[in-house]
2 protein chains.
Amino acid sequence: MASRAKATILDIAREAGVSKSTVSLVLQGSGLIRPETAVKVRKAIEDVGYVYNRGAANLRKAHSNVIGMVINDLTNPFFAELAVGMERVFQAAGVVPFIANTAENPVRQEEVLKSMMEQGVAGLIVSPARGTTPGAFRRIEAAGVPVVFAMRRLPESRIPAIAPDNHRGAVLATEHLIRKGHRRLAFFGGSSDLVVYQERLGGFLEACETLGIPAADRLIVEGETSRKGGMACLETALAIPEPPTAALCFNDAVAFGVMLALRKRGLEAGTDFAVVGFDDVAEAEHYSPALTSVAVDTAGLGERAAHVMLKMIQSRTTRAEDHIGAVSLVVRESSGPDRNTQVGDAA
Amino acid sequence: MASRAKATILDIAREAGVSKSTVSLVLQGSGLIRPETAVKVRKAIEDVGYVYNRGAANLRKAHSNVIGMVINDLTNPFFAELAVGMERVFQAAGVVPFIANTAENPVRQEEVLKSMMEQGVAGLIVSPARGTTPGAFRRIEAAGVPVVFAMRRLPESRIPAIAPDNHRGAVLATEHLIRKGHRRLAFFGGSSDLVVYQERLGGFLEACETLGIPAADRLIVEGETSRKGGMACLETALAIPEPPTAALCFNDAVAFGVMLALRKRGLEAGTDFAVVGFDDVAEAEHYSPALTSVAVDTAGLGERAAHVMLKMIQSRTTRAEDHIGAVSLVVRESSGPDRNTQVGDAA
DNA sequence: CCCTATAAATGGAACGTTCCAATAAATCAA
DNA sequence: TTGATTTATTGGAACGTTCCATTTATAGGG
């Protein structure tokens, strides 16, 4: 079995009675080696329990086969789905993606990015944490390592971004609510330091404008992008004199929170108050009532991001075009018509 | 700015007017360097846009600061929570965990493990994919790299495992159902090639035994550990002549599926059929009706696993003790008393 | 039988770091 | 002053690969 000290190609060269160069060639699957020799070498590799040292190899080879995925919140199933989409593509390309979580913390993100760079990644796919400073990727760009943003983008950056058509999605959702008869609308959750927020809120406001909802009848409540945040939003909204009868939520997590808060008040989403989410996570379909949401084809965007990254690596460029993914509104039960009830009274 | 070719410590040595050794010392935060020199060096590092090459360093240093986390299903929020727990600990220890997903595929797992080994990880925390062959970790053990299993273990392996007390959890849950008056019980989901399954099913059967539920009144339905699997289980169960009135589910995903299938039939979990889940994911509390589940302190187990790993690395051993985490039953709405109704008829 | 062409295998230098042993400079005791 | 001690700094030899330029073996053509 394996000796204490790690085996190197020299050990296996000795074992197989060839030179280290031959072993190296076999390892790389070169056709220059006589098949019988290759077999002999592979046997020695097996016997000795050799493990390839990619670090040493990368010292000579220009670049590695690892790609870093830096994600701001792994516990959000939305991002996990994104990661899975990317993995599909990378696997087929023989590339191994390493994932790291930043937990929405820019400092942690800095550490993680640094670590990945030190590891010599060939490229980086990032969903930047909230509050990422503009300069955070300067070093990485300067080093010539390709970066693509997924789902989120940074305001000033020229790094290519793969994201859904947030504006359009919000317009679709808002029009849907208005067409259902709602006249006092709210936008719940998120915070304005996110570009995504501005895009989604922008779509909401634009639809209100075009379909004649006066500014006085629009309510905007910022909040955490979590169930808890959604609950808080609803409480805030129902506390005002003429509360809204429908809300577009920043994302599904917020929407779930809103529905939960409704239930706590004895109200039902869909009949007493219309709720629309964003992202259409798997759970949305299974919730009760099922959540109307803007589908963004998460896994598809992940695949797209991975493809863009591979292309960038291949053409050794650090530039690429943005990609805006198509969206669609999936209407389910949570967005019923306005019943013209004073929901505020029910509390 | 950064030149085309990557800067090395030699470049920054020249820039700062010192030797490469001095730069190396500064990089490692050695106290041997005069503070002013260190400042000078650090400035050069900044100016040149130098990025440390950990691969080269690992060639000399015995081991690296990266730990691999290999997880069988990232889209299950349960595992994401586990990952988050581990990350907390590793971050504090200055270690960067790289996560990779195997999507419950042993072949993929093999690739991922190989890649991590090649990358020179200091240790591996693994939640093994279903169908992992006994020999899958032989090479890794032989190489002296510490491995710990989290949440799942392998039948024959001597690799330390950190897992909840599955048996006890299942006993608690089953006793709860029986005490609620249920007499015909089912165990839904999972498959017998998982040790976890055997433990949970074992607890279920033991509790049935001690509390006098005859074998004829116990129904065991294997199935996918997903919502879809859960739905299928319920259908199967309600198709038999004397269907059960309550079920312990292999995990929460299965339980959610069961509840969904119930609703599709116009039945309600808790009143028409009692459902208990396992793992107590965050969602359980927020479901409607809220899901009774066995809480396993996921993040806590993640932390524990990380601690064990750090200790193993530090003491350069490949052995450690198993750790069985305490569990508790969280009773919510989904597990009401038996109403003695013939639920099978409702279809 | 020699020369050239092709195929297969090889030695050595390089990659960017660490670490040891050695040097140089500064401080101190006598 | 001298030698011993401490404090900072340094060159050089690894580490495990790749890749280029060679070498060696095999075959083919005249």
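Protein chains get the first letters and strands the later ones, always in sequence-line order, with residue 1 at the start of each. Quick caveat: nothing in here was measured; it's all calculated off a predicted structure.
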* Going by heavy atoms in the side chains, are A:Phe90 and A:Ile67 under 4.5 Å from each other? -> yes
* Using a cut-off of 4.0 Å between protein heavy atoms and nucleotide atoms, how would you tag nucleotides 5-13 of chain C 5' to 3' with B, S and -? -> ---SSBBBB
* Taking 4.0 angstrom as the limit, do A:Arg139 and B:Glu46 come out as a salt bridge? -> yes
* Whole Å only: how far is the CG atom of A:Asp11 from the P atom of D:dG16? -> 8 Å
* Could you state the NZ-C1' distance from B:Lys61 to C:dG16, rounded to the nearest angstrom? -> 13 Å
* Asked: Atom CD1 of B:Ile9 to atom P of C:dT18: distance rounded to whole Å?
  -> 6 Å
* So, are A:Arg138 and A:Glu141 salt-bridged, with charged N and O less than 4.0 Å apart? -> no
* Looking only at side chains, do B:Thr22 and B:Ser19 share a donor and an acceptor under 3.5 Å apart? -> yes
Got a list of side-chain donor-acceptor pairs under 3.5 Å for residues 68-77 of chain A, not counting sequence neighbours?
residue: A:Asn72; atom: OD1; partner: A:Ser127; partner atom: OG; Å: 2.8
residue: A:Asn72; atom: ND2; partner: A:Glu104; partner atom: OE1; Å: 3.4
residue: A:Asn72; atom: ND2; partner: A:Glu104; partner atom: OE2; Å: 3.1
residue: A:Asp73; atom: OD1; partner: A:Thr75; partner atom: N; Å: 3.1
residue: A:Asp73; atom: OD1; partner: A:Thr75; partner atom: OG1; Å: 2.6
residue: A:Asn76; atom: OD1; partner: A:Phe78; partner atom: N; Å: 2.9

* Could you check whether A:Thr8 gets within reach of a base, just the sugar-phosphate, or nothing at all, counting any heavy atom under 4.0 Å? => sugar-phosphate
* Asked: Counting distance only, does the side-chain N/O of A:Gln109 pair as donor-acceptor with the main-chain N or O of A:Ala129 below 3.5 Å?
  -> yes
* Within less than 4.0 Å of OP1 or OP2 of C:dT17, is there a side-chain N or O belonging to B:Gln28? -> no
* To do: Find the bend of the helix from C:dC1-D:dG30 to C:dA30-D:dT1 as the angle between its two terminal axes (five pairs each), to the nearest 10°.
  => 50°
* State whether A:Asp322 and A:Arg153 are salt-bridged, where the test is any N-O pair (Lys NZ or Arg NE/NH1/NH2 against Asp/Glu carboxylate O) under 4.0 Å. => yes
* Asked: How many Å lie between CG on B:Leu27 and C1' on C:dG16, as a whole number?
  -> 11 Å
* To do: Take the protein atom CG of A:Asn53 and the nucleotide atom C1' of D:dT18, then report the distance between them rounded to whole Å.
  => 12 Å
* Grab the OH-P distance between B:Tyr52 and C:dC15 for me, whole Å please. => 18 Å
* Whole angstrom value for the distance that separates P of D:dT26 from CD of A:Glu36 -> 12 Å
* How many Å lie between CG on A:Asn58 and P on C:dT17, as a whole number? -> 13 Å
* Asked: Quick one: which of C:dT17, D:dG16, D:dT17 gets closest to the side chain of A:Tyr50?
  -> D:dT17
* Asked: Counting heavy atoms not belonging to A:Lys40, are there more than 12 under 6.0 Å from its NZ?
  -> yes
